[in-house]
Structure formats: structure tokens, C-alpha cells
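Reading through the C-alpha cells given below for one structure.
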Amino acid sequence: MNIFFEKDHKTSVENDRKLSSKSEGLKVIGAGLPRTGTLSLKTALTQLYSGRCYHMLDVFAGDQEDVLVWVKASKGEMKPQDWRDYFEKKNYVTGVDFPFSLYYKDIMAVYPEAKVVLSTRDPKTWHGSVFNSIFQIGVLMKTHPTVPMMLGMFDRRKPNPHDMHDILETTVPDGCDVSIHRAIEGGPEVAEKFFKDWEAEVRRVVPAEKLLVASAKEGWAPLCKFLGLPIPENDYPRVNDTASIKRMIRNVWILNGVVFYLLPTSIAVGAYLFRAELAPVAQTFLQTVMGYKDMALGLFK
């Protein structure tokens, strides 16, 4: 699946794999919804802790376990030791983004000393951001049935990230009236209510002294003060991946058209135009196949 990643996404995944820090458990739990600066926060936390930060990119670029862990979580089958084994074996020090944030309560129970960061933004702008980016991946799959088939050619995991998404999109979080999928599908007003309900639940559940509510616009200062870490000399990461996601969707759509429409049509047209030249080849091929068939049948006589 990561063959469709844009350069910056591939670089992020490759850099994560080079990190040598060993995880002794999660230090920071991101409870923010997707499209609240989570990729910028991931980049920032990776720098601050010199360790891996979980993000949805890891599902697409990972192995079978990176999908199964969330399928099991959706069924309530993840025990505390299962969470520890997963995050620590893969050397995660922090985590953000969907589906990680969907299970922030379960993960908090496993790592009670971890601090929680609720990345946020203007609730009124959230729907437009998520609808015009990551939501369109699901739209593409539902409106073009051949897209899941094509992605399955490149991602042989069973279940795969698409299957995982189908399962998780029906989950209604505590404190909310609908699932995240239904909220986005329902339009700006439904999405805004969902966003506010989500944040209200996080504020209700997480003790105030362990919670930071911050947007990417605020930069390093509130994050570093909250975590008790020095402020880096470089600017806070500004990773706006909307354009990258749109290009990835475009690339998937183009390749789907080539594989399932352009290529078969070209083969059919070519076969028709050159049918005279291809006839002897086809006849020889058929004779060869029939010969093998006769040979195989002879083995059972």
C-alpha cells in the first residue's frame, strides 16, 4: 500500500525505521481526531523523544499485526499485556492519530503515567478538512468497486487496512451520538457536534494535570512545557498533508483506470486488429495446452 505514498510520507516511514531508541512504554498518548495536526505532532514527538510515534501511516506501511491489533481492539479482545507487547515490541514511545486515538482510554489504562495531548483546531473547519482529504479514500473505494480489488493486489494482508476501516467506521465513541464516519457523512453541522462531543469526553475523562489541549499553531512552547522538555532550536513542524493525500488518491484512481479499463481495452483492440497474425500463435498455444491435458489424463489411466 505504501507504493502510493508521497515522498514526504515515505520519508517519514523510512526515518522512523532508522530510530534506535528502545521503547519502555508509551510516554505520550495523542487523543486528537484526524486532521487536527496529527502528522505535525507525530513529527514533533519523534524529534523530542528520538523514538517512534504511532500514526495511521504505520498501518499502511506495516505488517499483518499492524492491522489485526485494531480489529481485535474493536472486538474488545486487546488485554493490557497485548497493548504492551504491541507498542513495546515495535518500539513506539508515543502515539497519535486514528485509530490510535479511538482507543485512548484503553491505552491510558495500560500506561497510567503517560501524558495526554489533545490536538485541536476550529471545530467549524474540521469537516471540510477531513471530508476533502482522507474521507475521499473511502468514497473512491465505494464508488469504484475495482479499487479495493486493485489495492488487494499490492497489499496481500487479510484483513487489510480497508477491511479494518470498514470495521472501525461503525464504532460510536463514548460521549458521541454517531461514529466518525457518520459524522463526516452527515455534513458540517453533524461533524462539528461530533468534534465538540469528542473533545468534551476527553476533557471529562483525562485528569487536568495530565492533559494538554493545543493546536499546531501554538508551536513548541506549550508542548515542551507540558512534557518538561527543552524547546528545540528549529521551527515546530508544519506538515500539512492535504495535498499529499489528494495526490495519493489521484494516483490510485489513475492506476485503477489503467489496470481495469485501459489495459484490458488495449489488449482486446490489439487482439482484434492483429487477429490474423495472432491466429497461428493462438493455435499453437491451444495445441500445447491440449497436449498437456492428454498427458495428465494418461497418468490416471
Side-chain angles (χ1 to χ4, degrees), residues 8-9 11-12 15-16 19 26-58 92-102 104-105 107-108 111 113-134 173 175-176 180 183-184 188 191-245:
D8 53 347
H9 289 169
T11 300
S12 176
N15 288 342
D16 271 9
L19 295 170
L26 296 180
K27 299 181 183 299
V28 179
I29 297 170
L33 291 168
R35 308 303 300 163
T36 57
T38 53
L39 191 54
S40 295
L41 181 58
K42 165 190 163 60
T43 306
L45 291 172
T46 299
Q47 178 179 343
L48 291 174
Y49 287 99
S50 298
R52 296 189 71 188
C53 177
Y54 180 88
H55 188 275
M56 183 64 180
L57 290 176
D58 295 291
Y92 287 112
V93 182
T94 59
V96 300
D97 200 50
F98 185 89
F100 180 95
S101 59
L102 187 61
Y104 74 92
K105 291 181 182 178
I107 300 171
M108 279 176 56
Y111 297 103
E113 300 304 314
K115 294 187 175 182
V116 180
V117 176
L118 175 61
S119 51
T120 189
R121 65 179 297 154
D122 182 351
K124 293 184 180 298
T125 66
W126 181 68
H127 176 267
S129 178
V130 71
F131 182 83
N132 292 315
S133 57
I134 55 178
C176 300
I180 185 171
I184 301 165
E192 182 179 346
K193 183 179 185 304
F194 175 88
F195 188 97
K196 291 179 177 178
D197 288 345
W198 172 276
E199 292 204 338
E201 180 68 7
V202 175
R203 293 172 188 266
R204 185 188 70 81
V205 171
V206 184
E209 66 275 10
K210 292 179 59 178
L211 176 66
L212 171 68
V213 182
S215 71
K217 295 178 181 179
E218 297 175 78
W220 286 116
L223 180 64
C224 291
K225 180 180 179 181
F226 176 66
L227 300 177
L229 297 172
I231 297 177
E233 294 183 0
N234 59 289
D235 292 335
Y236 185 84
R238 305 289 183 185
V239 188
N240 187 343
D241 59 346
T242 301
S244 295
I245 292 172

Item checked: Test item: Phe194 and Pro173 side chains (from C-beta on) under 4.5 Å apart, heavy atoms -> yes
Note to self: If we check side-chain contact (heavy atoms from CB on, under 4.5 Å) with Arg52, which of these qualifies: Asp58, Leu45, Thr46?
What the structure shows: Asp58
Next item on the list: Indicate the atoms forming the closest heavy-atom contact of Thr38 with Ser119, along with that distance.
Entry: CG2-OG, 3.9 Å
Item checked: Full working for salt bridge (charged side-chain N to carboxylate O under 4.0 Å, His left out) between Glu201 and Arg204 -> CA-CA 5 Å; Glu201 180 68 7; Arg204 185 188 70 81; 2.8 Å; yes
Margin query: Asp97 vs Lys42, test: side chain to side chain contact (heavy atoms under 4.5 Å, CB included). Steps then yes/no.
Written below: CA-CA 9 Å; Asp97 200 50; Lys42 165 190 163 60; over 6 Å; no
Check: Do side-chain atoms of Arg121 reach the backbone of Gly37 as a donor and acceptor pair under 3.5 angstrom?
Finding: no
Next item on the list: Mind listing the closest non-hydrogen atom pair of Gly219 and Tyr236 along with its distance?
Entry: C-CD1, 3.6 Å
Next item on the list: Would you check if the side chain of His55 reaches a backbone N or O of Gly95 as a donor-acceptor pair within less than 3.5 Å?
Entry: no
Next item on the list: Heavy atoms only: give me the nearest Gln47-Asn234 pair and the separation to one decimal.
Entry: NE2-OD1, 2.7 Å
Next item on the list: Find the distance between CZ (Phe226) and CG (Leu211) and round it off to the nearest 0.5 Å.
Entry: 6.5 Å
Next item on the list: If the plane angle is over 60° it's perpendicular, under 30° parallel, otherwise tilted; pick one for Tyr92 and Tyr54.
Entry: perpendicular
Checklist line | Contacts of type salt bridge (Lys or Arg N to Asp or Glu O under 4.0 Å), residue Lys210, not counting sequence neighbours | finding: none
Next item on the list: Please check if atom CD in Glu209 has more than 12 non-hydrogen atoms from other residues, nucleotides or ligands closer than 6.0 Å.
Entry: yes
Next item on the list: Enter the distance from Leu102:CG to Leu33:CG here, rounded to the nearest 0.5 Å.
Entry: 9.0 Å
Next item on the list: Check the pair Leu48 / Leu223 against side chain to side chain contact (heavy atoms under 4.5 Å, CB included), numbers first and verdict last.
Entry: CA-CA 10 Å; Leu48 291 174; Leu223 180 64; 3.9 Å; yes
Item checked: Flag if over 12 foreign heavy atoms under 6.0 Å of NZ, Lys27 -> no
Check: Looking at NZ of Lys115 and CG of Leu212, how far apart are the two atoms once the value is rounded to the nearest 0.5 Å?
Finding: 9.5 Å
Checklist line | Trace of the side chain to side chain contact (heavy atoms under 4.5 Å, CB included) decision for Trp198 with Ile180 | finding: CA-CA 10 Å; Trp198 172 276; Ile180 185 171; over 6 Å; no
Item checked: Euclidean distance, Phe100 CZ relative to Cys53 SG, rounded to 0.5 Å -> 7.5 Å
Item checked: Main-chain N/O of Ala216 paired with Arg238 side-chain donor or acceptor, under 3.5 Å -> yes
Check: Taking all non-hydrogen atoms of both residues, which atom of Gly175 and which atom of Asp197 are closest, and how far apart?
Finding: O-CB, 3.4 Å
Next item on the list: Identify the two heavy atoms, one from Ala221 and one from Ile231, that lie closest to each other, and give their separation to 0.1 Å.
Entry: CA-CD1, 4.0 Å
Notebook entry, point to check: Considering only heavy atoms from C-beta outward, does the side chain of Pro99 approach that of Met56 to under 4.5 Å?
Noted result: yes
Note to self: Tell me if a side-chain donor or acceptor on Thr120 pairs with a main-chain N or O of Ser215 at a distance below 3.5 Å.
What the structure shows: no
Next item on the list: Can you see which heavy atom on Val202 is nearest to which on Ala31, and at what distance?
Entry: CG1-CB, 4.1 Å
Notebook entry, point to check: Is it true that a side-chain atom of Trp126 and a backbone atom of Pro34 form a donor plus acceptor pair closer than 3.5 Å?
Noted result: yes
Item checked: Value rounded to 0.5 Å, distance of CG in Leu26 from OG1 in Thr94 -> 7.5 Å
Next item on the list: Please answer whether the main-chain N or O of Gly32 pairs with a side-chain N or O of Ser101 as donor and acceptor at a distance below 3.5 Å.
Entry: yes
Margin query: Let me confirm one number: the OG1-CG distance from Thr36 to Asp122, rounded to the nearest 0.5 Å.
Written below: 12.5 Å
Check: Quick one: salt bridge (Lys or Arg N to Asp or Glu O under 4.0 Å) partners of Lys225, sequence neighbours excluded?
Finding: none
Checklist line | From CA spacing to verdict: side chain to side chain contact (heavy atoms under 4.5 Å, CB included), Thr125, Phe195 | finding: CA-CA 10 Å; Thr125 66; Phe195 188 97; over 6 Å; no
Notebook entry, point to check: Is there a donor-acceptor pair under 3.5 Å between the side chain of Glu199 and the backbone N or O of Lys196?
Noted result: no
